[in-house]
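Positions are given from 1 along the sequence. Atoms within a ligand are numbered from 1 in the order they appear, just like the ligands themselves.
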Amino acid sequence: MKDLKHKPETVVEIQEYLSHLYGEVNKNRDVEYLFSYLFRNVSYLSRSIPRELNCVQNFIKTFSWLFAIANKLEINLQDSYLKKYPDVCPYCIAKPCVCSKTNKKPVSYVMEWKIQEELGFKYNIAKSANPNPSMDSLVESTNDLYPANTHIWKASGPTFHFFRLLEELGEVHEAYTSFCKGTKNRAEIENELADCFAWTLSAWGIYYLGESLQDSFITYYYNSCPVCNSDPCSCEPYSDRGEMLVKIDELRLYREKVAELIKAAPDHNDLLQSILKDLEFAEKQGSTTVAVSAVKQSDSALEKLSGELNHADSSAKSIKSIIGSANAIVQSFNWFS
Ligand SMILES: [Zn+2]
Ligand SMILES: [Zn+2]
């Protein structure tokens, strides 16, 4: 992306850029492969948001897998979104949506053909008013249309939001399998992808209010594919970097930092030797559960040790500093929670 004079500015340009970057490698991957990564990123997003972690990467990856599925099925995601959400809610035909009062229908009776005509009319207006929206303008219009999403999130947390997104993911899969069976057409998949897209756009707008999703895309892809740094991507299948499973090299880095304490705090040799043995055991096991438990115990034992240090002792400062660095390493572990 850094070599591009014209950086993607619209949803369509982002989808085209991702098609250029991943179109070739995804040719040999089926939709189920792409869907499994989409699902994984949504689940990690739903786990990271309540903990108020930095979720930019999970957001961008979630959107990217949505675009990957759209590209694979030759669906224009922006157009699918506008068809489904042409600046009015497709169920109550209102802006902002009043579905919570009307139980997902118009305020007064409207013939079904009239609703469809109205949506088509609104789609044409929305398209001519802003034919090339950016990701940011879709974030804004989604949350303008559904202000209740923000109210519910602020009052009771993001659980409901992610429950809905999860439901939509299931519907994307069903629409795809029905399409494969020949019982539903591609429009059904477009419709469900648009829902996933809308819930994710809305989540970004609530969690990162005022921050540019468009710019975050460019930052994420600035050096092309963030895994292989090639343009187009040349990643082998399953070459993701992993997030939630223990990374042994990170664990080793932590153990080496703790080992520095042996010299600095000889009075606590027994405790430190036990911790180091445990961390070595965890490294050999390679299990995330064992690693998380060993690091948790070590981290709190060191915190306790730090609190008990006699400040008059000249070595206390350097011991505290090593413990502080060890804790900073722990904080950088994605897989540690
Ligand atoms: Zn509505
Ligand atoms: Zn790559």
Q. What is the SG(Cys225)-the Zn ion (ligand 2)-SG(Cys235) angle, to the nearest 10 degrees?
A. 110°

Q. What's in the same ILVMFWY side-chain cluster as Val110, cut-off under 4.5 Å, chained through other members?
A. Val88, Ile93, Ile115, Leu119

Q) Heavy-atom distance under 4.5 Å between the side chains of Cys89 and Cys99, does that happen here? A) yes

(Q) Within less than 2.8 Å, report the number of protein N/O/S atoms around the Zn ion (ligand 1). (A) 4

Q: Assess whether atom CZ of Phe39 is packed by more than 12 heavy atoms of other residues, nucleotides or ligands within 6.0 Å.
A: no

Q | Criterion side-chain hydrogen bond (donor to acceptor under 3.5 Å, both in side chains) against Glu243, the qualifying member of Gln57, Arg47, Arg40, Lys61 | A | Lys61

Q. Any salt bridge between Asp79 and Lys127, counting N to O under 4.0 Å?
A. yes

Q.
Salt bridge check, Glu167 against Arg164: does any charged N sit closer than 4.0 Å to a carboxylate O?
A. yes

